[in-house]
**Q** 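Just dropping this structure here.
Along the sequence shown, residues carry numbers from 1. Just so you know, ligand 1 is whichever comes first in the structure, and atom 1 is the first atom listed for that ligand.
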Amino acid sequence: MHIHRLEKIWLLIGFSMLVIFLGVIGVGAFALGMQPPTGHHQAIDPDKVDETPPFDRPGLEKIGEKEYNAYMVAYAFGYKQDKLEVPVGSTIHFQVTSSDVVHGFQIPGTNVNLMVVPGEVNHLSYTFKEPGEYLVLCNEYCGAGHEYMATTIIVS
Ligand code: CUA
């Protein structure tokens, strides 16, 4: 009788642990599910890009030692900011949106290649380990001035 009682207690403890464990997992999954989607498809009104922070002031924002945010606006036919300059070894966190139609944001020779969709903010980070003049090009046909769409990142 005494042993039987002890077994019951242990069973109860084991069962409680299981319930708590499942509860934690469940709550964790729920919390994750409730989070807004990270990264790639943050919404922005394409007609109000010029007034929407941080795109009202496009360009570089220094956030650390050789670390920058670059807020870029693609438009027909160009990019704001016109030219970016960073020291060698800098990491740039690009945030790119469009104020009109779909554009591209590609830096040949790197893995930077974004489709820039109006209404969305696209993110990509890249570390510029080699000095040079990096060309940013549009690789989505966007109209008569498509092939002239470009900006430069100078790494020195
Ligand atoms: Cu912008 Cu092609």
Side-chain angles (χ1 to χ4, degrees), residues 17-156:
M17 295 295 277
L18 186 69
V19 168
I20 291 166
F21 179 70
L22 287 176
V24 167
I25 299 243
V27 167
F30 181 71
L32 277 177
M34 292 303 285
Q35 272 173 9
T38 49
H40 295 266
H41 295 293
Q42 191 182 326
I44 182 169
D45 183 342
D47 295 330
K48 294 193 177 134
V49 165
D50 290 343
E51 322 154 23
T52 307
F55 298 100
D56 56 340
R57 287 198 284 169
L60 286 175
E61 177 196 22
K62 195 173 200 290
I63 56 168
E65 183 62 29
K66 294 194 174 182
E67 192 170 6
Y68 300 82
N69 285 326
Y71 307 112
M72 308 284 288
V73 180
Y75 62 94
F77 301 97
Y79 296 95
K80 299 173 199 167
Q81 195 66 343
D82 198 26
K83 192 205 252 178
L84 306 177
E85 286 190 63
V86 295
V88 180
S90 293
T91 299
I92 301 183
H93 307 288
F94 293 101
Q95 291 194 31
V96 195
T97 192
S98 165
S99 54
D100 42 50
V101 298
V102 174
H103 296 283
F105 188 93
Q106 182 176 23
I107 305 177
T110 74
N111 63 356
V112 177
N113 189 356
L114 288 171
M115 188 191 262
V116 187
V117 179
E120 293 178 3
V121 179
N122 278 283
H123 301 242
L124 195 110
S125 298
Y126 186 78
T127 301
F128 293 86
K129 292 183 182 136
E130 303 289 332
E133 271 197 39
Y134 293 79
L135 214 53
V136 180
L137 297 173
C138 179
N139 56 6
E140 295 284 333
Y141 184 75
C142 53
H146 161 71
E147 59 201 281
Y148 305 110
M149 253 187 95
T151 185
T152 314
I153 299 169
I154 295 166
V155 180
S156 55

**Q** Evaluate whether atom NZ of Lys62 has more than 12 neighbouring non-hydrogen atoms of other residues, nucleotides or ligands under 6.0 angstrom away.
**A**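 More than 12 within 6.0 Å, yes.
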**Q** Report yes if some heavy atom in the side chain of Leu137 is under 4.5 Å from a heavy atom in the side chain of Pro108; otherwise report no.
**A**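 Side chain of Leu137 against side chain of Pro108, heavy atoms only: contact under 4.5 Å found.
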**Q** For a 4.5 angstrom cut-off between non-hydrogen side-chain atoms, does Met72 reach Phe105?
**A**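 Of all side-chain heavy-atom pairs linking Phe105 with Met72, at least one is under 4.5 Å.
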**Q** Taking N, O or S atoms only and a limit of 2.8 Å, check whether Glu147 reaches atom 2 (Cu) of ligand 1.
**A**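 Checking atom 2 (Cu) of ligand 1 against Glu147, no N, O or S atom falls under 2.8 Å.
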**Q** Is it true that, when you exclude Lys66 itself, more than 12 heavy atoms of the residues, nucleotides or ligands shown sit nearer than 6.0 Å to its NZ?
**A**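 Atom NZ in Lys66 is packed in, count exceeds 12.
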**Q** What is the name of the N/O/S atom in Glu140 that sits closest to atom 2 (Cu) of ligand 1?
**A**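 Looking only at N, O and S atoms of Glu140, the one nearest atom 2 (Cu) of ligand 1 is named O.
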**Q** Taking atom 2 (Cu) of ligand 1 as the reference point, name the nearest N/O/S atom of His146.
**A**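 Minimum-distance N/O/S atom of His146 relative to atom 2 (Cu) of ligand 1 is ND1.
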**Q** With a cut-off of 2.8 Å, does any N, O or S atom of Cys142 fall short of it relative to atom 1 (Cu) of ligand 1?
**A**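 Given the 2.8 Å cut-off, Cys142 counts as a ligand of atom 1 (Cu) of ligand 1.
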**Q** Strictly under 2.8 Å, is atom 1 (Cu) of ligand 1 approached by any N, O or S atom of Met149?
**A**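 Yes, since at least one N, O or S atom of Met149 sits under 2.8 Å from atom 1 (Cu) of ligand 1.
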**Q** Got an N, O or S from His103 under 2.8 Å of atom 2 (Cu) of ligand 1?
**A**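 No - counting backbone and side chain alike, His103 has no N, O or S atom under 2.8 Å.
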**Q** Quick check against the 3.5 Å criterion: does His146 have a side-chain atom that pairs as donor or acceptor with the backbone of Glu140?
**A**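 Looks like yes, one N/O pair under 3.5 Å.
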